[in-house]
Amino acid sequence: MSSQDVTVVALLADPDAPTEIAQRMAQMLPDRLADKSGQGRRFDVEVVSEPFTAGAEDPPPHQ
């Protein structure tokens with residue numbers, strides 16, 4: 001499978017409970033997204049846990 005067949009999805013979540021929820025979602029999302037795409041595409045879901053406020057315009061880049 002080439003890198004063009006992989007879609008990376010990042011879930012940005014506040015620490016604590018929101019991050020825990022995002023981590024559970026990250027476990028189930030790749031299969032669900034792949035089933036819906038129907039094109040042999042693979043999905044990698046990453047969780048980024050960073051404190052942020054509603055006024056934050058640009059979240060920090062994930063490395």
Side-chain angles (χ1 to χ4, degrees):
M1 180 173 288
S2 74
S3 63
Q4 292 178 339
D5 295 328
V6 178
T7 300
V8 178
V9 178
L11 301 177
L12 177 60
D14 251 351
D16 300 319
T19 294
E20 292 172 19
I21 293 167
Q23 289 171 336
R24 286 194 303 262
M25 290 176 62
Q27 292 175 356
M28 69 174 183
L29 273 177
D31 290 337
R32 288 190 177 192
L33 292 171
D35 288 345
K36 295 291 182 182
S37 74
Q39 300 171 0
R41 180 169 289 285
R42 187 169 64 90
F43 292 84
D44 287 339
V45 179
E46 300 176 5
V47 176
V48 179
S49 179
E50 295 284 339
F52 62 96
T53 63
E57 294 180 19
D58 294 317
H62 177 64
Q63 295 184 12

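We number each residue from 1, following the sequence as shown.
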Undergrad: Which is it for Thr7 and Leu33 under the side chain to side chain contact (heavy atoms under 4.5 Å, CB included) test, yes or no, and what are the steps along the way?
TA: CA-CA 10 Å; Thr7 300; Leu33 292 171; over 6 Å; no
Undergrad: For residues Ser49 and Thr19, report the shortest heavy-atom separation together with the two atoms involved.
TA: OG-OG1, 2.7 Å
Undergrad: Please report the shortest heavy-atom distance between Met25 and Leu11, naming the atom on each side.
TA: CB-CD1, 4.1 Å
Undergrad: So which atom in Phe43 and which in Pro30 form the shortest heavy-atom distance, rounded to 0.1 Å?
TA: O-CB, 3.4 Å
Undergrad: I need the Leu29 CG to Glu46 CD distance, nearest 0.5 Å.
TA: 13.0 Å
Undergrad: Kindly give the heavy-atom pair with the smallest separation between Ala26 and Val47, and that separation in Å.
TA: CB-CG2, 3.7 Å
